[in-house]
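Note sheet for the following structure.
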Amino acid sequence: MMSLSSVPSAATMFQAYASISTAITMFKTMIHQLVPQQVQLFIETKIRSYFRPNSSNVTLVIEERDGMGINDVFTCAEIYLSARFSPEFQRFKITKRPKDTGVNVKFGNCGKITDSFEEIELVWKFVNVAQKSILRFQADDEGDFSEKRSFELSFSKEHKDRILNCYIPFVLNTAKTMRDEKKIIQLHSLSRNCYSSINWDSVNLEHPSTFETLALEPALKKIIIQDLDRFLRRKEFYRRVGKAWKRGYLLYGPPGTGKSSLIAAIANYLKFDIYDLEFSNIKRDADLRRLLLSTKSRSILVIEDIDCSVTMPERSETRTNYNGRSRDRDQEITLGGLLNFIDGLWSSCGDERIVIFTTNNKEKLDPALLRPGRMDMHIHMSYLTSESFTVLANNYLEISDPLYNNFKEAQELIEGAQVSPAEVAEQFMKSEDPHVCLESLVKFLKRKRITNNGGANTTHDDKQLQLKRIKPLSIHNSLHS
Ligand SMILES: Nc1ncnc2c1ncn2[C@@H]1O[C@H](COP(=O)(O)OP(=O)(O)OP(=O)(O)O)[C@@H](O)[C@H]1O
Ligand SMILES: [Mg+2]
């Protein structure tokens, strides 16, 4: 029994309580400063689960990645939840790019969001952990850290079937509608993250090129559009014949004839994202495979200047890539390997994929790329003809009247001049006055004709391409014909 004299006074008790509280606060601050947040979260989760061993809740874990590919449920959950702000969630990242109609919300840090579905209470939790990549194919330390992001969805066990069969499909459909509503095309290009691991980074595709603005032979334009439409329609056909739902285009022709513009026009037409695969950024085959597998369906994979990008060991022992750096033979990404991967594993992992290769030098390409069945269409982007010139003049100067000053003369000169749309576009940009532009163009074409006749400005490669212009629309169509 405690004597009365030993009972501490209220003031002493308050003092003791205050110092314990201060000590706890200091301890918490110290823990917060010393222990990484992910570790804190892990400990907290473990302690909670220890005291709730017979929880009546069930938790679904939705990871961002499914093996090497993207988990669509995660992507959809992210879109769905971005529209459900919740007081419990403390940190969001918001972004807005010029063409976005509203802000994009992403989850910046671990936190919870509550939701309800048919009176079932649900708790979503976002978890983000830095992890050492399991994809270690090489013994250097570079680029092996990545973020492991996931959602955890908790609810009462008794609703498990309703959640799996009704709520999850509801989330997927809602996200799809939200995505379609604000479909803005993204251009994904390669970049290194803070752990120096190479990954896709995206910006909105702001390229204004469309089939209307492209100066192409009308017949060629029609064939390309019809081919794209047919490709989209034929899901069942591809399934029936056992072919991956994929279409390959090889765009070839001299510089400035609109190869990159055509890619942007196709993306704008189909509303497909573009993945620009720049080989000089990729050091090893394993990275290439990982990157390809993390591309989404309904997208265009672009490899520009394929003749310079990928090594062809059959032709040379070691080769210098177009940045002037030579690659180590062991790490080389070979064309054969790339093509086999694109045709094989990759194309079976997604639907509605388009692959586009571009080159200025078709004759330098490896036969592996040209063999029938490899690329479905070979599209020759040629110098301007009088028809494609009319489209360009209409777009830039808003004139199509053949009686317009200098228009007819320019049109005639174009035919023999072997001039690219980019060169003519440059002349059209010289003034706001169409008269001045056409006058300047006629002078330019006359000079060009003289130079061409002398051959002074024409490279060997250009000459080769010009010889091949006997048949202007060189289209090889292996699947549809
Ligand atoms: N067919 C075209 N129709 C309209 N504009 C064009 C066309 N071709 C080129 N241009 C204009 O020229 C510029 C350069 O064209 P683009 O980059 O598409 O050429 P490219 O064939 O990809 O050239 P490179 O072989 O050098 O990559 C474009 O921004 C566009 O303004
Ligand atoms: Mg280009």
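First listed ligand is number 1; within each ligand, the first listed atom is number 1.
Under the 6.0 Å cut-off for aromatic ring centres, F151 and F74 qualify, their centroids lying closer than that. Centroid-to-centroid, the aromatic rings of F237 and F231 stay 6.0 Å apart or farther.
Side-chain contact, S386 with Q411: no donor N or O sits under 3.5 Å from an acceptor N or O. Side-chain contact annotation: D276 with S189, donor-acceptor N/O pair under 3.5 Å absent. Counting only N and O atoms by type, the side chains of R65 and S294 include no donor and acceptor under 3.5 Å apart. Using modelled atom types, one finds no donor on one side chain facing an acceptor on the other under 3.5 Å when comparing E63 with S150. S388 and T385 share a donor-acceptor pair across their side chains, judged by distance under 3.5 Å alone.
Nearest approach of P255 to S420, heavy atoms of both residues: O-CB, 3.7 Å. Contact record, S382 with T257: O-CG2, 3.5 Å, taken as the closest heavy-atom pair.
Listed by chain and number, the protein N, O or S atoms at a distance under 2.8 Å from the Mg ion (ligand 2) are S260 OG.
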Dump the pairs for me: ligand 1 N or O, protein N or O, distance under 3.5 Å, to 0.1 Å.
residue  : atom   : partner : partner atom : Å
ligand 1 : 1 (N)  : A215    : O            : 2.9
ligand 1 : 1 (N)  : T257    : O            : 3.4
ligand 1 : 3 (N)  : A215    : N            : 2.7
ligand 1 : 8 (N)  : G256    : O            : 3.4
ligand 1 : 8 (N)  : G258    : N            : 3.0
ligand 1 : 18 (O) : S260    : N            : 3.4
ligand 1 : 18 (O) : S261    : N            : 2.9
ligand 1 : 18 (O) : S261    : OG           : 2.6
ligand 1 : 19 (O) : G258    : N            : 3.3
ligand 1 : 21 (O) : T257    : N            : 3.2
ligand 1 : 21 (O) : G258    : N            : 3.1
ligand 1 : 21 (O) : K259    : N            : 2.9
ligand 1 : 21 (O) : K259    : NZ           : 2.7
ligand 1 : 22 (O) : S260    : N            : 2.9
ligand 1 : 22 (O) : S260    : OG           : 2.9
ligand 1 : 23 (O) : G256    : N            : 2.9
ligand 1 : 25 (O) : K259    : NZ           : 2.9
ligand 1 : 25 (O) : N360    : ND2          : 2.9
ligand 1 : 31 (O) : Y396    : OH           : 3.3

